[in-house]
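Values reported hereafter were calculated over all heavy atoms of this structure, with side chains retained and with hydrogens, waters and symmetry mates removed. Sequence lines set the chain letters: A, B, ... in the order given, protein chains first and strands last, and positions in each chain run from 1.
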Amino acid sequence: MKEIRVRFAPSPTGPLHIGGARSALFNYLYAKASGGKLIIRIEDTDIERSSRQSEENILESLKWLGITWDEGPDIAGPYAPYRQTERLSAYGEFTKRLLAENKAYYCYCSPEELEAQRQDFMAKGELPRYNGKCAELTEMEKARLEAEGRIPVIRFRVPLNQDIVIHDLVRGDVIFESNGIGDFVIIKSDGLPTYNYAVVLDDALMKISHVIRAEEHLSNTPRQIVLYEALGLELPLFAHISLILGKDRSKMSKRHGATSVVQYKELGYLPQAVVNFLALLGWSPAGEEELFSMEELIANFSLDRVAKNPAVFDMDKLSWINGMYIRKSPVSEIAHMALPFLQQAGYVSGSPTEDEQKWVELVAAALQEHLATVGDIVEHMGILAGEDVTIESDEAKAILHEETFPLVIRAFQEKIAQLPELTPESIKPLLKSLTKELKLGGKQVYMPVRIALTGKMHGPELFYVIPVLGKELIAKRITKTTQEAGVQF
RNA sequence: GGCCCGGUGGUCAAGCGGUUAAGACACGGCCCUUUCAAGGCUGUAACACGGGUUCGAGUCCCGUCCGGGUCACCA
């Protein structure tokens, strides 16, 4: 059986886009599910916009997501190199052959002339495409044009009157007429191949068996197919997955919010959550489970459960999934992820002490259940840090005026004074014993203590809040809130 | 505009000629709970429209409408 080889071929012109990430993921899942290989190929023939920095960023984002590859620019492999600009020498003989067989020709039209042509077509209401002006130049004409200092491109001569059919794995057969495609450029005037040419050569040369990519490439595919045929190369199987749309149903872009993978990382999303969410965008599992680890995705993935219709990026669902993963993660991991956010907000020093690290761990434990993203942690810190407390409402204030309040708060203070160290484990029984000894309902103990300590009626479990605050802050905040409420005890 | 792809609740989606048209997110209610969150139960809500084909159409065909993609010396 033929080896399954799929590829993700980003152009390094910016950070990894969320849509690109999903293409990469589907390729990865397909490769893993079928025992095949994933190849990363960098399509950097647009030298103006490509950068090595973007390439590194893209590879880093893929790694962050947990997508690994078998061959690529950083690990080489049997079909190296994996950067298009380093593969140029391999293209020459193919181009020569096309030229020799008259399947391609030099074109001397300048950009200005092409633009004028296009305007002409548009004005006449015809489809704008290359008019074939240079298709049949004689040697003499070529020499003259070259003497003018014109640098030619090479165009592919698209065969006329042909139906080109794509047997698409997700869409079924898609048919294009070759007459709808004008002779297109395969070699630019700078000598570099265009995308449509390089992609065909590389996919063929790298023995790619399945091309899984976004739907925006569907209308390019007939160009590529005619090239495969002209060169006598074996066609891969194609699978075009639909696009990811923004809330207004247009293609995802900056104005829809975060579009790159790094942005999600920076906002405090977990890679497993992003992967899980992306997988569900356009693919659906056979069962009703929605939460999948990478291993489970691999075990369940198949191309025939990939949807044809575009999907709107639903931030709410991403947040929900992320929250699920945050709750499932060990506290230490959340603490680790939370640290930079807390540092940036000034709650923790640049190089945290051991005590600070323990404190962050407590904070993470307290807030873990409440977060949609790790970055959200900062919004909750008012309750857990600082001397600054204000009572949020008259309703809260009234609770401090209940007649049992002095009793409760005094007993509470006595109890924590006896503890050498405040820990969730020690506070939990302490609070319980308080209700018992005072013969009060839970609410009559927990609520006044909560308000005295935080000024709020809601928040994380008290047995977390108390150790996070520590004895000193507790004393200060009690003084402050009781003063504000005007209660003696 | 030409060509191509798509159209099931607000969103993601299951469905492959016969179902009370799943499930999830979001939203509302109830329960649990010291609060909130989580969790459990529950409710509102959909086959774009019009013609066919068929005993029977969300499912097949055609048209209309709507959305998207693409028409580069970008990828």
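- Between the P atom of B/G67 and the CD1 atom of A/I244 lies a distance of 21 Å, rounded to the nearest Å.
- Across all strands, A/M324 comes closer than 4.0 Å only to sugar-phosphate atoms, never to a base (heavy-atom distances).
- Between the P atom of B/C36 and the CG atom of A/L462 lies a distance of 13 Å, rounded to the nearest Å.
- In this structure, A/L281 atom CG and B/A24 atom P are separated by 18 Å, rounded to whole Å.
- With A/Y130 as the aromatic partner, A/R155 meets the cation-pi criteria of under 6.0 angstrom to the ring centre and within 45 degrees of the ring axis.
- Comparing the P positions of B/A22 and B/C36 gives an interatomic distance of 32 Å, to the nearest angstrom.
- Side-chain nitrogen and oxygen atoms of A/S284 include at least one within less than 4.0 Å of the OP1 or OP2 phosphate oxygen of B/A14.
- Between the C1' atom of B/C12 and the CD1 atom of A/I241 lies a distance of 15 Å, rounded to the nearest Å.
- For A/I225 and B/C4, the CD1 to C1' distance is 13 Å, given to the nearest whole Å.
- Here the two rings, on A/F26 and A/F301, have centers that are under 6.0 Å apart.
- Under 4.0 angstrom from either OP1 or OP2 of B/A75 there lies no side-chain N or O belonging to A/N196.
- Between A/R305 and B/G15, a side-chain N or O to OP1/OP2 separation shorter than 4.0 Å is present.
- In this structure, CD of A/E216 is placed 17 Å from P of B/C74, rounded to the nearest angstrom.
- A/N220 comes within 4.0 angstrom of a nucleotide base, judged by non-hydrogen atoms across all strands.
- The shortest distance between the side-chain N/O atoms of A/T194 and the OP1/OP2 oxygens of B/C74 is not below 4.0 Å.
- Residue order along RNA chain B, read from the 5' end via each residue's closest nucleotide, puts A/R249 first among A/R249 and A/P193.
- A/K415 NZ: more than 12 foreign heavy atoms inside a 6.0 Å radius.
- Taking 4.5 Å as the limit, every side-chain heavy atom of A/I427 sits out of range of all side-chain heavy atoms of A/L462.
- Annotation for A/K428: atom NZ does not count as buried by contact number, only 12 or fewer foreign heavy atoms lying within 6.0 Å.
- Note on A/I175: only backbone sugar-phosphate atoms sit closer than 4.0 angstrom, heavy atoms only; bases stay farther off.
- A sub-4.0 Å separation between OP1 or OP2 of B/C73 and a side-chain N or O of A/R155 is present.
- Projected onto RNA chain B by closest heavy-atom contact, A/K188 and A/A286 fall at different nucleotides, the more 5' of which corresponds to A/A286.
- In this structure, A/L318 places its CG atom 19 Å from P of B/A24, rounding to the nearest Å.
- One finds a side-chain N or O of A/K251 lying less than 4.0 angstrom from the OP1 or OP2 phosphate oxygen of B/U70.
- By the stacking rule of 5.5 Å between ring centres and under 30° between planes, A/Y446 stacks on the base of B/U34.
- Straight-line distance from the NZ atom of A/K308 to the P atom of B/A13: 13 Å, rounded to whole Å.
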